[in-house]
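This one's a predicted model, so the numbers in the text were calculated from it and none came from an experiment. This chain uses plain numbering: 1 for the first residue, then up along the sequence.
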Amino acid sequence: MGQIIDISGKITNELPMVKITDELVVTVNNRKNDIMNMQAMILEEQRKAEKGDGTFNEIEMIGRTLEMLVGKKMAKEIENMNLPLPDYKTVYTAVMAAATGSSLEDAEKVFR
């Protein structure tokens, strides 16, 4: 019989969470198919900008991405906080870190 590599202890099937404030903790949907859909949406927006007037609305894209990864209700709660733009981007970066299984520091290098 061939070698068996047991990864059952590494598979948790749990969704990561991001604590934004003491009152607001969001669960991040990091399922493979949902991440692929998010990436496709971002690429499509970039293609549209390249073919159109060259305008890529980063803030709108961040909002749509948050909706996909934390759900519309939680994304709305984040929007209602009316954060300064750098803080809003920090929330996005933390959610992307959770979604991709990266550290916040590594995600800051990629998503900022």
Derivation of the side-chain contact (heavy atoms from CB on, under 4.5 Å) call for Met38 and Glu67: CA-CA 10 Å; Met38 177 209 58; Glu67 279 186 10; over 6 Å; no

Residues forming a side chain to side chain donor-acceptor pair (under 3.5 Å) with Thr12, sequence neighbours excluded: none

Any residue meeting salt bridge (charged side-chain N to carboxylate O under 4.0 Å, His left out) with Arg64, in chain and number order, not counting sequence neighbours: Glu45

Any Thr93 side-chain heavy atom under 4.5 Å of Leu104 side chain: yes

CA sep, side-chain torsions, deciding dist, call: Val91, Val18, side-chain contact (heavy atoms from CB on, under 4.5 Å): CA-CA 9 Å; Val91 170; Val18 173; 6.0 Å; no

Ile62-Val110 co-clustered via ILVMFWY side chain contacts under 4.5 Å: yes

Remaining members of the apolar cluster that contains Leu15, side-chain heavy atoms under 4.5 Å: none

Validation row: Met41, Thr65 side chains within 4.5 angstrom (heavy atoms): yes

Same cluster (ILVMFWY, side-chain, under 4.5 Å), Val25 and Met74: no

Close side-chain approach of Met68 and Asn37, heavy atoms under 4.5 Å: yes

Test item: Tyr92 and Met61 side chains (from C-beta on) under 4.5 Å apart, heavy atoms: yes

With sequence neighbours excluded, residues passing salt bridge (charged side-chain N to carboxylate O under 4.0 Å, His left out) with Asp22: Lys19

Partners passing salt bridge (charged side-chain N to carboxylate O under 4.0 Å, His left out) against Glu44 (at least two apart in sequence or in another chain): Arg47

Remaining members of hydrophobic cluster (4.5 Å side-chain criterion), Ile7: Ile5, Ile11

With sequence neighbours excluded, residues passing side chain to side chain donor-acceptor pair (under 3.5 Å) with Ser102: Thr100

Minimal non-hydrogen separation, Ser103 against Ala97, with atom names: O-CB, 3.8 Å

Residue pairs involving residues 30-42 (criterion salt bridge (charged side-chain N to carboxylate O under 4.0 Å, His left out); sequence neighbours excluded): none

Sequence-distant partners of Thr21, side-chain contact (heavy atoms from CB on, under 4.5 Å), two or more places apart: Glu23, Leu24, Met81

Listed once per pair and sorted, the side chain to side chain donor-acceptor pair (under 3.5 Å) pairs that draw on residues 70-83, sequence neighbours left out: Glu79-Tyr88

Contacts of Gln39 that satisfy side-chain contact (heavy atoms from CB on, under 4.5 Å) - sequence neighbours left out: Ile35

Residue list, salt bridge (charged side-chain N to carboxylate O under 4.0 Å, His left out) with Asp106, at least two apart or on another chain: Lys109

Joint cluster assignment, Met36 & Leu69, ILVMFWY side-chain distance < 4.5 Å: no

Val70 side chain near Val28 side chain, heavy-atom distance below 4.5 Å: yes

